[in-house]
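Below: the structure, in structure tokens.
If you read the sequence from its start, that first residue is 1, and numbering goes on from there.
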Amino acid sequence: MTAAFLLLATFATAFISGVFGMAGGLILMGALALVLPVASAMVVHGVIQSVSNGWRAVLHVSWIDWRILAIYLAGSALAAGVLVFASFELSKAWLFILLGLVPAVVWLPKRVLHLDADKPHHAVACGFVVTGLNVVAGVSGPLLDVFFANTLKDRRTVVATKAATQVISHGVKIAYYILPALGSQDLPSLHWLLVAAPLAILGTTAGARFLALMSDVQFRQWTKWIVSAIGLLYVVRGVLLLTGASA
């Protein structure tokens, strides 16, 4: 039942990410955290999302902004260097709370946080903070979206470039958690991954076709409300786990 649940979640969340370039990863991380230890959930999430984002980048490869991607990589490498000297793992309660709070950044007024990934220094900052948050919370899509909300790029450029950056961030996350995860008996087998990977690709492909039917306005509106609703549910889940643990 656990395997079937995770495979269904893999396909569904890949479809959602294929449409919005985010949200799917946020849902999948929560689903994995329900049934796996934190380190194992991080690694499995990183592998699935690398496949999903990687395939999404391939589908829209002609739309990738390679200049932004290269600068983002510099910031991501800096974050990886810092993380080498840090060692931590959140409890499930705090993981859900942090997951739930991440989408709040999409509501910050532009005058408070006016970021633009098209600007080199913003792209470096994007790589650093998004990769760092991805390692801590498991996801960083909503924060990544803040850096792309003001670029005035076509929605396909936004989705394609974000997908490529997420492959980098998830790679760092996998490297960070792989040793603790290998020490756990709950890490899914390679056979499971061989089934999950094609499902992630199929879901992403279906989502990409749906994306072509949306307007840029619809794309931005739906993204904001979907991740906010998910975030609220996660905060509630985390608080319930905290209160249950302290009871």
Side-chain angles (χ1 to χ4, degrees), residues 9 12-13 16-17 20-46 48-49 53 72 75-76 79 82-83 86-117 122 125-150 158 162 165-166 168-170 172-174 176-177 220-247:
T13 56
I16 294 171
S17 289
F20 300 105
M22 56 186 279
L26 187 65
I27 299 172
L28 181 60
M29 189 65 226
L32 292 171
L34 288 173
V35 296
L36 295 175
V38 173
S40 296
M42 290 288 192
V43 171
V44 173
H45 183 270
I48 293 175
Q49 285 295 289
N53 281 281
Y72 177 96
S76 186
V82 172
L83 288 166
S87 179
F88 58 86
E89 184 178 316
L90 294 174
S91 66
K92 283 199 175 185
W94 283 108
L95 175 62
F96 272 108
I97 291 174
L98 188 54
L99 281 173
L101 293 177
V102 169
V105 298
V106 303
W107 293 97
L108 291 175
K110 290 183 179 180
R111 65 180 181 276
V112 174
L113 194 66
H114 189 81
L115 300 172
D116 186 350
H122 286 197
C126 179
F128 181 81
V129 299
V130 168
T131 298
L133 182 61
N134 201 36
V135 170
V136 175
V139 297
S140 53
L143 178 59
L144 179 63
D145 192 59
V146 171
F147 282 90
F148 280 85
N150 300 311
V158 171
K162 284 168 57 180
T165 64
Q166 287 294 76
I168 297 171
S169 294
H170 287 302
V172 174
K173 180 174 68 180
I174 293 170
Y176 188 86
Y177 286 101
R220 298 186 190 281
Q221 287 178 340
W222 276 101
T223 298
K224 192 172 185 178
W225 285 104
I226 287 174
V227 297
S228 298
I230 297 168
L232 179 60
L233 290 175
Y234 283 174
V235 169
V236 172
R237 171 66 177 167
V239 170
L240 288 175
L241 285 174
L242 274 181
T243 55
S246 61

Practice problem: Apply the test side-chain contact (heavy atoms from CB on, under 4.5 Å) to residues L144 and C126: give CA-CA distance (whole Å), side-chain angles for both, the deciding distance (0.1 Å), then the verdict. | Solution: CA-CA 7 Å; L144 179 63; C126 179; 3.5 Å; yes

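- When atom types are taken as modelled, the side chain of Y177 and the backbone of V135 share a donor-acceptor pair closer than 3.5 angstrom.
- L242 is listed as a side-chain neighbour of I97, based on a closest heavy-atom distance under 4.5 Å.
- In this structure, CZ on F96 lies 8.0 Å from CE on M29, to the nearest 0.5 angstrom.
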Quiz prompt | CA sep, side-chain torsions, deciding dist, call: R237, L241, side-chain contact (heavy atoms from CB on, under 4.5 Å) | solution = CA-CA 6 Å; R237 171 66 177 167; L241 285 174; 3.9 Å; yes

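- One finds the CG atom of L95 at 5.0 Å from the CE atom of M42 (value rounded to the nearest 0.5 Å).
- In this structure, CG in L101 is found 10.5 Å from CG in L232, a value given to the nearest 0.5 Å.
- A donor-acceptor pair is defined here as one N or O able to donate and one able to accept, closer than 3.5 Å; no such pair exists between the side chain of K173 and the backbone of T131.
- With rounding to the nearest 0.5 Å, the separation of CD1 in I27 from CD1 in I16 is 3.5 Å.
- Note: H170 NE2 to I174 CD1 = 8.0 Å, rounded to the nearest 0.5 Å.
- When all heavy atoms of A31 and A9 are compared, the closest pair comes out as CB-CB, 4.2 Å.
- Proximity of a side-chain donor or acceptor of N53 to a complementary backbone N or O of Q166 within less than 3.5 Å is not detected.
- Annotation for A79 and G127: closest pair CB-O, 4.5 Å, computed over non-hydrogen atoms.
- Judged purely by atom type and a 3.5 angstrom limit, S76 has no side-chain atom pairing as donor or acceptor with the backbone of Y72.
- Within the 3.5 Å criterion, the main-chain N or O of G25 finds a donor-acceptor partner in the side chain of H45.
- Residues forming a side-chain contact (heavy atoms from CB on, under 4.5 Å) with L133 (at least two apart in sequence, or on another chain): V102, A137, S140, L143.
- In this structure, CG in L83 is found 10.5 Å from CG in N134, a value given to the nearest 0.5 Å.
- Inter-residue side-chain proximity for F128 and V82 is flagged as met; some heavy-atom pair is nearer than 4.5 Å.
- Partners of T165 by side chain to side chain donor-acceptor pair (under 3.5 Å), not counting sequence neighbours: none found.
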